[in-house]
Peer 1: 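Shown below is the structure under consideration.
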Amino acid sequence: MEKKMLKTGYFILLLSCFALQLDANPGLKVRITQKGLDYGWKVGLENIKQEIQNETFQSWSDRENFGLVKFYYTVSGLRMNTVEFPDASVSLIPGTGIKLAIEHASATFHANWSIKTWLVRNHGGATVSLSGVFITVIFQVSRDNKGRLSMLFHNCWLSIHDVKVKLSGGASWVFNLFAGYLKKPIQAYLDKNLCPKIKHKIQRMDAELRTLKVLSQIDAFAQIDYSLINSPAISKTYINLDLKGTVYPAGNRTDPPFVPDPFTLPDKNNSMLYLGVSEYFFKSASLAYYNAGAFNITITKEFSTYFMPTEVTPNSTIPEVLQLVQNYTMSHPLMLTLQSTAAPMISLQTGSLTTEITGYLEMFSVLPNSSLQFIFAGNLTVNTSANMTISKQKLFISLLLKRFHFSLTRSGVDFSEISLLENFLSRVLWNGAIPAINDKLRKGFPLPNQAQTKFIQPVLEFNQGYLLISTDFHYTL
Ligand SMILES: *[C@@H]1O[C@H](CO)[C@@H](O)[C@H](O)[C@H]1NC(C)=O
Ligand SMILES: *[C@@H]1O[C@H](CO)[C@@H](O)[C@H](O)[C@H]1NC(C)=O
Ligand SMILES: *[C@@H]1O[C@H](CO)[C@@H](O)[C@H](O)[C@H]1NC(C)=O
Ligand SMILES: *[C@@H]1O[C@H](CO)[C@@H](O)[C@H](O)[C@H]1NC(C)=O
Ligand SMILES: *[C@@H]1O[C@H](CO)[C@@H](O)[C@H](O)[C@H]1NC(C)=O
Ligand SMILES: *[C@@H]1O[C@H](CO)[C@@H](O)[C@H](O)[C@H]1NC(C)=O
Ligand SMILES: *[C@@H]1O[C@H](CO)[C@@H](O)[C@H](O)[C@H]1NC(C)=O
Ligand SMILES: *[C@@H]1O[C@H](CO)[C@@H](O)[C@H](O)[C@H]1NC(C)=O
Ligand SMILES: *[C@@H]1O[C@H](CO)[C@@H](O)[C@H](O)[C@H]1NC(C)=O
Ligand SMILES: *[C@@H]1O[C@H](CO)[C@@H](O)[C@H](O)[C@H]1NC(C)=O
Ligand SMILES: *[C@@H]1O[C@H](CO)[C@@H](O)[C@H](O)[C@H]1NC(C)=O
């Protein structure tokens, strides 16, 4: 009785998990368009050509009656010579899967033959030409229980309109008559073996898909969950995949205390691939990095490096500031500590991604005997925009200082005017804190893709609530 209740309870738990999943919005969306599929199928066909070329077919023997004469024959060493796929297409079956079609294909094979009758024995070579080959394969695309993409073979049809066999070697008309008898078994062999081979290939690809990890390690701090949360949605012109898209601190898969807002990819199909990266993704990244302490930083740099102009801050420091700090610290190295007090806030608007980092900042100078001399401390709020680039299938983010607000809690230096402090602080942020944070983001965020895929000229577009990446791709076998 108790056991049964336990089971029922477990079942309800499972159901509720399932219901939760149905309700959840994705943090990441992937769209593969017809253009992407066309490209993929083109690459796939090249692969298939190579594979048939490499294939060694089994030899087979049988017995036939030729008029009153019984003979035994063997066909061996069947190898493909040429193959043409003039009409090949891939199309989507809305709601179900993918249809691959090859029409009017032709191929020639070489084989060795031998025959044996009570009267003669002979052997030689043969050329087998197939033409008017039509193959249609349908497979379903779905999600397995671990959230990975899965391909399920559904159906395969094959028809071969013409098989021609030409013998060489046993050069008599008898043998060429015999050639006619070889057509049937060759056709039967192909009918029996081609579709099962295709089925096997799809099963192998499915097995490969299921070895893909849904968790992708970013660096020592964080990992991304790329599992599918829904079954792939197949329409007439594209496949949409909804991925979880949560960034977790390394070794802690607790979901963040917020959920993704729904968003829709624009109805575009001129790139092969679209990736929609939600604000949720960036927020979970911010929380993960915060929990991992990535925004708590301590750095020590030579005095002069804080006062160096940079590309983005060509303005020279107000001379009084340099003097003031120099007089106080005797140009000893400066140490900065920033302790973030909350996960940086992220906002994705049309045209930009901005962050707000809050924390407690302290500055010291490092004396020659390694003891620290306090300079000042206070609460800091920094607003940045994010510069994003894609390289090697990773999203790289670097922060650019926009504004900051500082409230001084303690100071060793007498900054007679607030503008002097702000001028010094802007140096500290530009040349100290922001580069240190960017250094922690330097590894980049791996985007969902397969190992052999390379993005071609990806374009980034900031939309309300999500980042859209449009790209073509190149696949190397
Ligand atoms: C893109 O979608 C439009 C309709 O939305 C369709 O007419 C067009 O053929 C599609 N283009 C490709 C390359 O699939
Ligand atoms: C076919 O064989 C060649 C040479 O042995 C090899 O380089 C290639 O990878 C093979 N292709 C496939 C698809 O197995
Ligand atoms: C086919 O026959 C030729 C000539 O007898 C022989 O050299 C060759 O090795 C055979 N090929 C195969 C694959 O059995
Ligand atoms: C795991 O992450 C959650 C939320 O991000 C946090 O509340 C929790 O303290 C973390 N647990 C550990 C063991 O770090
Ligand atoms: C980062 O600094 C804050 C504020 O001092 C502290 O509460 C937090 O524990 C630190 N985080 C880590 C991971 O060290
Ligand atoms: C740089 O100087 C110019 C002119 O003095 C000023 O308008 C601008 O705001 C300054 N920029 C920064 C980042 O301080
Ligand atoms: C720095 O010290 C020099 C020499 O001791 C003095 O002349 C100057 O006024 C000081 N500057 C500031 C800004 O305190
Ligand atoms: C380090 O040097 C400073 C000034 O030179 C001195 O005030 C301080 O006591 C020294 N600290 C230690 C631990 O020796
Ligand atoms: C600094 O922030 C803390 C909370 O993080 C707050 O208690 C304190 O009043 C703030 N101090 C100033 C000067 O703003
Ligand atoms: C920083 O950004 C936040 C949110 O984007 C905004 O509410 C706040 O006003 C900004 N702060 C400053 C100092 O610009
Ligand atoms: C943005 O990043 C790219 C690539 O790292 C860099 O070339 C560019 O200068 C950056 N833009 C700004 C404004 O920093």
Side-chain angles (χ1 to χ4, degrees), residues 217-224 246-258 282-304 324-346 355-384 397 399 401-426 428-429 432-443 445:
Q217 196 72 32
I218 304 171
D219 51 25
F221 297 118
Q223 53 186 187
I224 307 178
T246 308
V247 181
Y248 295 102
N252 179 357
R253 300 261 318 267
T254 315
D255 274 338
F258 44 82
F282 293 109
K283 279 169 133 180
S284 68
S286 169
L287 184 63
Y289 277 82
Y290 169 73
N291 280 337
F295 299 102
N296 286 0
I297 51 183
T298 299
I299 49 167
T300 304
K301 285 187 168 188
E302 285 308 316
F303 182 85
S304 59
L324 192 70
V325 180
Q326 221 161 17
N327 277 10
Y328 186 70
T329 65
M330 312 266 287
S331 297
H332 292 318
L334 298 181
M335 185 174 103
L336 171 165
T337 70
L338 175 67
Q339 290 181 319
S340 57
T341 45
M345 290 200 287
I346 309 279
T355 77
E356 188 185 38
I357 302 167
T358 53
Y360 182 69
L361 179 100
E362 286 178 290
M363 286 299 292
F364 302 91
S365 69
V366 184
L367 303 181
N369 62 7
S370 298
S371 66
L372 299 178
Q373 182 186 0
F374 177 78
I375 309 176
F376 68 84
N379 291 349
L380 177 71
T381 305
V382 178
N383 280 45
T384 76
I397 303 177
L399 303 182
L401 181 65
K402 272 176 69 183
R403 275 186 300 274
F404 64 86
H405 178 78
F406 188 72
S407 41
L408 192 67
T409 48
R410 213 146 57 86
S411 184
V413 186
D414 178 21
F415 292 103
S416 51
E417 288 171 49
I418 192 76
S419 66
L420 294 182
L421 171 63
E422 282 180 349
N423 189 280
F424 178 43
L425 252 172
S426 93
V428 165
L429 295 176
I434 300 288
I437 291 173
N438 284 341
D439 205 44
K440 303 221 175 164
L441 297 172
R442 208 188 45 211
K443 288 249 167 80
F445 294 84

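Order of appearance sets the numbers: ligands from 1, and atoms from 1 within every ligand.
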Peer 1: Just distances here: any N/O of Y290 and N/O of ligand 5 closer than 3.5 Å?
Peer 2: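 By distance alone, the answer is no.
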Peer 1: Do you see a protein non-hydrogen atom under 4.0 Å from atom 11 (N) of ligand 8?
Peer 2: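 Yes, because at least one protein heavy atom sits under 4.0 Å from atom 11 (N) of ligand 8.
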Peer 1: Which ligand 5 atoms are under 4.0 Å away from a heavy-atom of S340?
Peer 2: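 Numbered from 1, ligand 5 contributes 2 (O), 3 (C), 4 (C).
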Peer 1: Can you report which non-hydrogen protein atom sits closest to atom 13 (C) of ligand 9, along with the distance?
Peer 2: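 Ranking protein heavy atoms by distance from atom 13 (C) of ligand 9, first comes T409 CG2, 3.5 Å.
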Peer 1: Using a 4.0 Å heavy-atom cut-off, say whether N291 meets ligand 5 through its side chain, its backbone, both or neither.
Peer 2: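 Answer for N291: backbone.
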Peer 1: Do any nitrogen or oxygen atoms of N296 come within less than 3.5 Å of a nitrogen or oxygen of ligand 5?
Peer 2: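 Indeed, backbone or side chain, N296 has an N or O that close.
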Peer 1: With distance as the sole test, does E302 use its side chain to make a donor-acceptor pair with the main-chain N or O of S304 at under 3.5 Å?
Peer 2: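 Flag not set: sc E302 to bb S304 has no pair under 3.5 Å.
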Peer 1: Provide, to 0.1 Å, the distance between atom 4 (C) of ligand 8 and the closest protein heavy atom, together with that atom's residue and name.
Peer 2: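 Ranking protein heavy atoms by distance from atom 4 (C) of ligand 8, first comes L367 CD1, 4.2 Å.
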Peer 1: What are the two closest non-hydrogen atoms of D219 and F221, and how far apart are they?
Peer 2: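 Residues D219 and F221, closest heavy atoms: OD1-N, 2.8 Å.
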Peer 1: For atom 14 (O) of ligand 9, which candidate among S407, G378, A342 holds the nearest heavy atom?
Peer 2: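 Comparing heavy atoms across S407, G378, A342, the nearest one to atom 14 (O) of ligand 9 lies in S407.
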Peer 1: Give, for atom OG of S284 and atom CZ of F258, the distance between the pair rounded to the nearest 0.5 Å.
Peer 2: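 Result: 6.0 Å between the selected atoms.
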Peer 1: Counting N and O atoms only, with roles assigned by atom type, does the side chain of N438 sit under 3.5 Å from a partner on the main chain of L399, one being a donor and the other an acceptor?
Peer 2: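 Between the backbone of L399 and the side chain of N438 there is a qualifying donor-acceptor contact (under 3.5 Å).
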Peer 1: Should the pair R410 and F376 be classed as cation-pi, given the thresholds of under 6.0 Å to the six-membered ring centre and 45° from the axis?
Peer 2: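 No - R410 does not lie over the ring of F376 by the 6.0 Å and 45° rule.
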Peer 1: Tell me: protein heavy atom nearest atom 2 (O) of ligand 9, and distance?
Peer 2: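 Answer, as residue, atom name and distance: N379 ND2, 2.2 Å.
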Peer 1: Which atoms from ligand 5 have a heavy atom of Q339 less than 4.0 Å away?
Peer 2: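 Under 4.0 Å from Q339, ligand 5 has these atoms: 2 (O), 4 (C), 5 (O).
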Peer 1: Can a cation-pi geometry be assigned to K440 and Y289, taking NZ or CZ under 6.0 Å from the six-membered ring centre and within 45° of the ring axis?
Peer 2: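 Judged by the rule, K440 and Y289 form no cation-pi pair.
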Peer 1: I'd like to know if the side chain of T337 and the backbone of T298 have a donor-acceptor N/O pair within less than 3.5 Å.
Peer 2: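 No; judged by distance alone, with no hydrogens or angles, the pair does not exist.
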Peer 1: Write out the residue and atom name of the closest protein heavy atom to atom 8 (C) of ligand 8, then the distance separating them to 0.1 Å.
Peer 2: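 Protein heavy atom with the smallest distance to atom 8 (C) of ligand 8: N369 ND2, 3.9 Å.
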Peer 1: Would I375 and T329 satisfy side chain to side chain contact (heavy atoms under 4.5 Å, CB included), going step by step from the backbone distance to the final call?
Peer 2: CA-CA 8 Å; I375 309 176; T329 65; 3.6 Å; yes
